[in-house]
Amino acid sequence: VEMKELVEEIVKALVDNPEEVNILETGGNKAVIYEVKVDKTDIGKVIGKEGRIANAMRTIISAAAKKQGKRALLQIIED
């Protein structure tokens, strides 16, 4: 499974407006940054109370990236 697809599947499962989910992947050989944009009404669902959901997603993505010898960062972008 490609990392971007993994991030997209997780985020789309959390939100009420999955069609508004936009994931931008930037980076190089060793590090990748995933910028997640969602509808304004869904931002709380992606972050979670005290950032718990966002931190859980970061843990999953980081672990999956380590298996590929990379480092991954997840950023949630608010418009």
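A distance of 10.0 Å separates CD of Glu5 from CD of Glu25, quoted to the nearest 0.5 Å. The CZ atom of Arg58 lies 8.5 Å from the CG atom of Leu73; values are rounded to the nearest 0.5 Å. Atoms CD1 and NZ, from Ile61 and Lys66 in turn, are 13.5 Å apart once rounded to the nearest 0.5 Å. Here the CG-NZ distance, from Leu24 to Lys37, works out to 7.5 Å after rounding to the nearest 0.5 Å. Here Glu8 contributes atom CD and Met3 contributes atom CE; the two are 13.0 Å apart, rounded to the nearest 0.5 Å. Note that the CD1 atom of Ile47 and the CE atom of Met57 stand 8.5 Å from one another [nearest 0.5 Å].
Between Leu14 and Ile53, the closest side-chain pair of non-hydrogen atoms falls below 4.5 Å. In this structure the side chain of Glu9 never reaches within 4.5 angstrom of the side chain of Lys4, judged on heavy atoms. At a threshold of 4.5 Å between non-hydrogen side-chain atoms, the residues Ile33 and Gln75 count as touching. Put simply, the side chain of Asp16 does not reach to within 4.5 Å of the side chain of Thr41, judged on heavy atoms.
Shortest non-hydrogen contact noted between Ala64 and Leu6 is CB-CD2, 4.0 Å.
Looking only at distances, a side-chain donor or acceptor of Asp42 sits under 3.5 Å from a matching main-chain atom of Asn17.
Each of Val11, Ile10, Ile77 was checked for a side chain to side chain contact (heavy atoms under 4.5 Å, CB included) with Val36, and the lone residue meeting it is Val11.
With salt bridges taken as basic N to acidic carboxylate O contacts below 4.0 Å, one links Glu50 and Arg52.
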